[in-house]
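These figures come from a predicted structure and were not determined experimentally.
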Amino acid sequence: MIDRYVLPLQKRILQPVASQVAKHGVHADAISLSGFAIGLSAVPLLAFGLYREALLAILLNRLFDGLDGAVARAAGPTDRGAFIDIAFDFFFYAAVPIGFAIVDPAVNALPAAILVSSFMGTGSSFLAFAVIAEKRGLTAADYPQKGIYYLGGLAEGAETIAAFVAMCLWPDHFPLIAFFYALMCLITTVTRWHQGWVAFAQKNIDANVRT
């Protein structure tokens with residue numbers, strides 16, 4: 001919902017740093033791998049109830065996620081970079097609720113499972129749309145820097161991180177936050193289904209049509 005506003009600001013902030021990093025020969029893929037490892041460390045930290053440390057790992061993951069894209073733009077983007085960026089993001093998003101489920105399974109397991117299931121809806125609809133959009137030559141005017149068609153919605157990357165931050169700051173309210181965000185994800189999934197149903201109804205459409 002707000003990624004279209006956050007991403008340009010992120011780009012302006014990180015691009016000068018990324019240019020210096022690229023000049024020193026640091027590859028964007030290495031940043032992606034490092035950020036992914038840091039992000040996954042949040043899961044055992046959450047499992048042991050170390051919420052502040054887990055929050056730091058989550059925020060560092062997002063910093064690296066923004067930096068790898070900025071470095072890729074400075075050095076030249078690659079298809080492999082675009083692939084691992086989105087693949088790592090979706091796995092990271094689904095992994096974080098598992099940490100909350102482990103630390104208190106009696107209270108958190110069900111909301112965590114529902115939240116992960118809702119991520120399946122947003123992720124699958126996002127990727128399915130991107131595949132067909134690529135086939136038809138569609139581009140997302142709001143996200144020109146992305147390596148694949150970026151279909152927005154009520155629950156996007158910024159909202160997901162905001163939910164994770166809230167969970168780490170108020171872990172006792174994890175079930176409520178998880179159920180609420182799962183509902184947002186469900187609404188996003190249904191709207192994306194509708195967008196795909198309408199956009200791909202005809203055999204041929206204008207490549208500049210925005211959905």
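Grouping the Ile, Leu, Val, Met, Phe, Trp and Tyr side chains by contacts below 4.5 angstrom, directly or via other members, places I31 with I38. By the criterion of side-chain heavy atoms lying less than 4.5 angstrom apart, applied directly or through intervening Ile, Leu, Val, Met, Phe, Trp or Tyr residues, I114 is not grouped with L46; the two fall into different hydrophobic clusters. M120 and I187 fall into different hydrophobic clusters, where Ile, Leu, Val, Met, Phe, Trp and Tyr side chains are chained together by heavy-atom contacts under 4.5 Å. No continuous path of ILVMFWY side-chain contacts below 4.5 Å connects F179 to L169, so the two sit in separate hydrophobic clusters. No single ILVMFWY cluster, assembled from side-chain heavy atoms under 4.5 Å apart, contains both V43 and V116.
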Apply side chain to side chain contact (heavy atoms under 4.5 Å, CB included) to R62 and D89, showing your working. CA-CA 9 Å; R62 293 298 87 197; D89 277 355; 2.9 Å; yes
Apply side chain to side chain contact (heavy atoms under 4.5 Å, CB included) to residues K135 and V131 and explain how you reach the verdict. CA-CA 6 Å; K135 179 181 177 182; V131 169; 5.9 Å; no
Could you go through the side chain to side chain contact (heavy atoms under 4.5 Å, CB included) check for F88 and D65 one step at a time? CA-CA 9 Å; F88 286 177; D65 182 69; over 6 Å; no
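Across all non-hydrogen atoms, the minimal contact from D68 to A28 is O-CB, 3.4 Å. Annotation for I161 and F92: closest pair CD1-CE2, 4.3 Å, computed over non-hydrogen atoms. The two residues V71 and V26 have their closest heavy-atom pair at CG1-O, 3.7 Å. The shortest heavy-atom contact between I102 and A47 is CG2-CB, 3.7 Å. Of all heavy-atom pairs between A112 and P97, the closest is CB-O, 3.5 Å. L115 and A178 make their closest contact through CD1-O, 3.9 Å (heavy atoms, listed as atom of the first residue, atom of the second, distance).
Atom CG of L55 and atom CG of L60 lie 9.5 Å apart (nearest 0.5 Å). One distance of note links SG of C168 with CG of L56; it measures 10.5 Å at 0.5 Å rounding. Annotation: the span from L127 atom CG to I132 atom CD1 amounts to 11.5 Å, rounded to 0.5 Å. With values rounded to the nearest 0.5 angstrom, R192 atom CZ is found 9.5 Å from L154 atom CG. Here F174 contributes atom CZ and L176 contributes atom CG; the two are 11.0 Å apart, rounded to the nearest 0.5 Å. Taken from CH2 in W193 to OG in S124, the straight-line distance is 7.5 Å, to the nearest 0.5 Å.
Here the side chains of L59 and V165 are in contact, with some heavy-atom distance below 4.5 Å. Side-chain atoms of V103 and F48, non-hydrogen and from C-beta on, never get closer than 4.5 Å to each other. Between F64 and F36 the shortest side-chain heavy-atom distance does not fall below 4.5 Å.
Of the possible donor and acceptor atoms, one in the side chain of E159 sits under 3.5 Å from a partner among the backbone N and O of E156. Here the side chain of T122 pairs no donor or acceptor atom with the backbone of T189 at under 3.5 angstrom. Proximity of a side-chain donor or acceptor of S32 to a complementary backbone N or O of D85 within less than 3.5 Å is not detected. With hydrogens and angles ignored, the 3.5 Å screen pairs a side-chain donor or acceptor of N108 with a backbone N or O of F100.
Counting heavy-atom neighbours within 6.0 Å of F90 CZ, excluding the residue itself, gives a total above 12. Taking a 6.0 Å sphere around CZ of F83, one finds it holds 12 or fewer heavy atoms contributed by other residues, nucleotides or ligands.
Ring to ring, F129 and F200 are close: their centroids are under 6.0 angstrom apart.
In this structure, Y181 and F119 have perpendicular ring planes: the angle between them is above 60°, well past the 30° mark.
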